[in-house]
Amino acid sequence: MILYRTANQLLVEENGSFYRLDETSLDALIALNDLYVHLSSIIAVRTPEDLTAPPNLEAPIENQEVWAAGVTYFRSRSARIEESKDAGGGDFYDRVYTAERPELFFKALAHKVAGPNSEVRIRRDAKWSVPEPELALLVNPRGQIIGYTIGNDMSSRDVEGANPLYLPQAKVYDRSCALGPGILIQPHSMPPSTRIRMEILRSANTEFSASVALTELKREPATLVEYLFRDQSFPCGCFLLTGTGIVPPDSFTLQSGDEIRISIDSIGTLVNQVA
Ligand code: DO4
Ligand code: MG
């Protein structure tokens, strides 16, 4: 089932039908002991809404922090070695790809996150920017993965490439993150065959498209979460982006007006325009 957040309500989609929840707080739902069982019991006795699609979707986030893992796919490692080679940063990326400890970084709070069909931003002092399409885990306050959504970890490659210590500036700025369209709530993990697809449209033409399967993800989602929760608490739960396996060629940079379409099997498609 998919949990959607609109301006004034939460909706659950199951088998093409939409059910309105009385609960309006995502924070409260995320804190529950078993969200899947809770939602299943509600929709079992509720009449579906007269809807074919949920209206006015917002990013499915309230007081969760958004964190991200880096260099979890070979493609990300290679691209970062290339972009930082003139600055002598390349070795770090190879080392973190093979290290036991993953790279984890803070990405956003809700006010920096773009929802479906809204604008993401390129930072104004960057010249080389890309979207990063990533499977995002929803983790409850007890460190359990309870859902999955689509994340876009917008990145300024020239800023990060100049010096790895600039990573927070390359990654964290207003509307540098997108989440949605909804959260897949299920009691089991995503199958490794799950594909992440990204298409970038420029003036209605496909400028770039690629896909990757979760089989290419080098680290177990549960291991990433275990590291994130070491000596750190998340009273409202958190989102954890699991890294990108798709990086456009070095000649590509995003432009204002581009449309980014990211799809993940069983979750849906997250569409954003570049401001
Ligand atoms: O090491 C920098 C960030 C890597 C990242 O965001 C990714 O691999 O997705
Ligand atoms: Mg990333």
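All values below come from the heavy atoms of this structure, side chains included, with hydrogens, waters and symmetry mates left out. Numbering of ligands and ligand atoms starts at 1, following listing order.
Across all their heavy atoms, Trp128 and Asp250 have their closest contact at NE1-O, 3.4 Å.
One side chain, Lys171 or Ser155, offers a donor N or O that lies under 3.5 Å from an acceptor on the other. Glu13 and Tyr4 share a donor-acceptor pair across their side chains, judged by distance under 3.5 Å alone.
In terms of protein heavy-atom proximity, atom 1 (O) of ligand 1 is nearest to Glu103 OE1, 2.8 Å. The protein non-hydrogen atom at the shortest distance from atom 4 (C) of ligand 1 is Arg80 CZ, 3.3 Å. From the protein, the heavy atom lying nearest to atom 8 (O) of ligand 1 is Ser76 OG, 2.6 Å.
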Practice item. Could you go through the side-chain contact (heavy atoms from CB on, under 4.5 Å) check for Glu216 and Phe74 one step at a time? Key: CA-CA 8 Å; Glu216 305 291 313; Phe74 192 77; 5.9 Å; no

**Study point:** Residue pair Arg80, Glu160: steps toward the salt bridge (Lys or Arg N to Asp or Glu O under 4.0 Å) verdict
**Key:** CA-CA 9 Å; Arg80 269 144 180 126; Glu160 184 186 336; 3.1 Å; yes

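The residues Lys127 and Asp158 are annotated as not salt-bridged, no charged nitrogen and carboxylate oxygen being separated by less than 4.0 angstrom. Ionic pairing of Glu259 and Arg261 is present here: one or more N-O contacts between side-chain nitrogen and carboxylate oxygen are shorter than 4.0 angstrom.
Going from atom OG of Ser209 over to atom CD of Glu199 covers 6.0 Å, rounded to the nearest 0.5 Å.
Distances below 4.0 Å separate heavy atoms of Glu134 from the following atoms of ligand 1: 9 (O). Of all atoms in ligand 1, listed by their number and element, those nearer than 4.0 Å to a heavy atom of Thr244 are 7 (C), 8 (O), 9 (O). Interface of Phe105 with ligand 1, defined as ligand atoms under 4.0 Å from a residue heavy atom, comprises 3 (C), 6 (O). Less than 4.0 angstrom separates some heavy atom of Glu132 from each of these atoms of ligand 1: 5 (C), 6 (O), 7 (C), 9 (O). Of all atoms in ligand 1, numbered sequentially from 1 with element shown, those under 4.0 Å from a heavy atom of Gly70 are 4 (C), 5 (C), 7 (C), 8 (O).
Cation-pi geometry between Arg95 and Phe92 is satisfied (NZ or CZ under 6.0 Å from the ring centre, within 45° of the ring normal).
When Arg157, Glu160, Lys171 are ranked by how near their heavy atoms come to atom 2 (C) of ligand 1, first place goes to Glu160.
Residue Tyr166 qualifies as open at atom OH: its count of foreign heavy atoms under 6.0 Å is 12 or below. Within 6.0 Å of the CG atom in Asn56, the count of heavy atoms belonging to other residues, nucleotides or ligands does not exceed 12. Sparse packing is recorded around CD of Glu220, with 12 or fewer heavy atoms of other residues, nucleotides or ligands lying under 6.0 Å away. Within 6.0 Å of atom CZ in Arg230, more than 12 heavy atoms from other residues, nucleotides or ligands are found, so the atom counts as buried in its surroundings.
If you look at the Mg ion (ligand 2), the protein N, O or S atoms less than 2.8 Å from it are Glu132 OE1, Glu134 OE2, Asp153 OD2.
Ligand 1 lies out of reach of Arg77, whose nearest heavy atom is not under 4.0 Å from it.
Of the polar atoms of Leu167, none of the N or O atoms is found under 3.5 Å from an N or O of ligand 1, judged by distance alone. Backbone and side-chain nitrogen or oxygen atoms of Thr72 are examined, and none is located within less than 3.5 angstrom of a nitrogen or oxygen of ligand 1.
Residue contacts with ligand 1 for Asp153 involve side-chain atoms from C-beta outward but no N, CA, C or O (heavy atoms, distance under 4.0 Å). When non-hydrogen atoms are compared, ligand 1 lies under 4.0 Å from neither the backbone nor the side chain of Tyr73. Neither the backbone nor the side chain of Val96 has any atom closer than 4.0 Å to an atom of ligand 1 (non-hydrogen atoms only).
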